[in-house]
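Each ligand, and each atom within it, is numbered from 1 in the order the structure gives.
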Amino acid sequence: MTASGNERFDRSASARLYSRALGSLVGGVNSPVRADPQPHPAFVDHGDGAHLVDVDGNRYLDYVMGYGPLLLGHDLPETVQEAIAAAVSDGPMYGAPTELEVKLAEFVIDHVDSIEALRFVNSGTEATAAAVRLARGYTDRDKVVVMQGGYHGGHESFLVEGDVNERTPSSAGVPQSFAKETIPVLFNDEQAVRDVFECHGEEIAAVLTEPLLGNRGIVTPVDGYHDTLRELCDDHGALLIFDEVITGFRVGGLGCAQGKYSVTPDLTTFAKIIGGGFPVGAIGGRAEVMQRFTPTSEVFESGTFNGHPVTMAAGLETLKYAKANDVWGHVNDLGEQLRTGLQDLVEDYAPEYTVAGTDSMFKLLFTRERPDEPSGHCTSGCEQRSDCPRFETCPKTGADVAAGATDRWKRVFWPAMADHGVLLTPNQFESQFLSNAHTETNVERTLDAYQEVLTT
Ligand SMILES: *Cc1c(COP(=O)(O)O)cnc(C)c1O
């Protein structure tokens with residue numbers, strides 16, 4: 001095992017496993033982003049706190065954190081482990097209700113203002129698909145408005161690209177008819193969404209958005225954007241759905257991103273953190289809307305594994321631990337330290353780049369334009385402050401992020417960071433996360449790695 005960033009890590013055991021995996025798994029992986037690392041992904045042996053150890057024994061400081069679920073890092077606290085073990089030994093699942101799912105639902109309802117009732121499912125994709133069906137059933141309308149570059153999982157209604165005038169499926173296998181019902185608009189562009197409501201207001205069942213774009217770099221909302229969405233939905237009888245699959249219990253602490261941005265959506269989707277590292281999804285919202293699901297009403301939703309006891313135990317104890325130990329205080333402080341350090345580096349070495357993120361999310365975006373003013377910028381991640389000298393050039397949409405130096409990021413920058421033992425998400429678009437297991441020393445080491453990589 002090598003510890004310094006000067007020699008390349010030996011990844012030969014991973015190479016052999018990847019070669020073998022290509023013989024049995026499509027593309028050698030079970031989710032496409034895992035194949036992004038070049039020339040091949042590192043296969044994991046185990047996690048260790050904030051670190052990940054691969055099958056060659058290389059140790060990386062991990063900021064992927066499972067793409068978001070691992071708020072507490074790779075080692076679960078004893079209370080979480082015990083709850084999981086108890087649920088497993090009681091029998092893995094039943095197809096009948098348990099107290100655990102009631103407790104997790106009550107926890108979410110107690111802390112997130114807009115939520116009066118929940119339905120647990122098994123992934124974020126299932127949650128957003130069911131939320132849209134619910135909105136369509138409730139409003140008796142078919143069209144949904146989504147954000148260009150927003151991500152809501154792999155479901156037909158969201159695999160659509162383009163704009164109000166011309167749109168097409170973004171994946172093979174999706175019938176053209178889905179593109180008729182899904183209207184993508186530019187995130188942060190109030191006029192664009194106003195125009196869509198002007199043309200189609202009577203047909204729109206819902207606007208579905210992430211509170212911040214978390215899968216296209218990190219793009220936070222400009223002041224007032226969500227209020228505009230809320231108003232338009234109210235004026236036209238459409239539902240506002242917040243996809244908090246990444247931001248739920250990550251941004252805004254216990255109140256989630258809707259609390260941080262002071263917006264009350266009609267429906268919210270959760271996943272990732274609320275499953276404590278196990279497969280999960282949830283739809284929550286106003287009781288009057290939620291009651292339209294089966295069995296109380298006519299919008300079909302069902303699942304063998306819904307409310308899985310092991311997941312419910314892991315999610316509940318994770319959230320209870322995080323609340324009792326002020327985990328959000330810790331991870332948000334580290335996020336601030338990391339983004340502040342990155343902003344200093346950017347001003348010195350790469351003024352065209354943009355530091356993005358909030359709370360415990362961060363990303364260095366390889367934007368191309370230098371600001372005229374060298375100082376006075378947002379100090380710990382782009383806040384879309386209108387008096388920031390970068391405001392005109394900082395990314396406001398998914399397309400702005402995609403217009404950056406994405407190949408440089410993926411093919412040059414990411415491997416160099418990995419060779420310094422820092423594991424980032426392997427492309428310009430996916431967010432990175434701090435966990436409760438990360439320390440100030442880890443952050444300092446990470447900033448050193450960024451500095452070395454940015455200056456060589
Ligand atoms: C990850 C993610 C999803 C999809 O969740 P899965 O559990 O991967 O199906 C949906 N929406 C957002 C915002 C996400 O980040």
Practice item. If the plane angle is over 60° it's perpendicular, under 30° parallel, otherwise tilted; pick one for F362 and Y450. Key: perpendicular
Review point. Any chance the rings of H111 and F249 have centres within less than 6.0 Å?
Key: no
Check your understanding: Do NZ/NE/NH1/NH2 and the carboxylate oxygens of R230 and D234 come within less than 4.0 Å?
Key -> yes
Review point. Among side-chain atoms of T264 and Q258, is any donor-acceptor pair under 3.5 angstrom?
Key: no
Review point. OG/S431 to CG/L213 distance, rounded to the nearest 0.5 angstrom?
Key: 11.5 Å
Practice item. Evaluate side-chain hydrogen bond (donor to acceptor under 3.5 Å, both in side chains) for H51 paired with D62, printing each intermediate quantity in order. Key: CA-CA 5 Å; H51 291 80; D62 180 22; over 6 Å; no
Review point. Under a 4.0 Å heavy-atom cut-off, what residues line ligand 1?
Key: S123, G124, T125, Y151, H152, G153, E210, N215, D243, V245, I246, K272
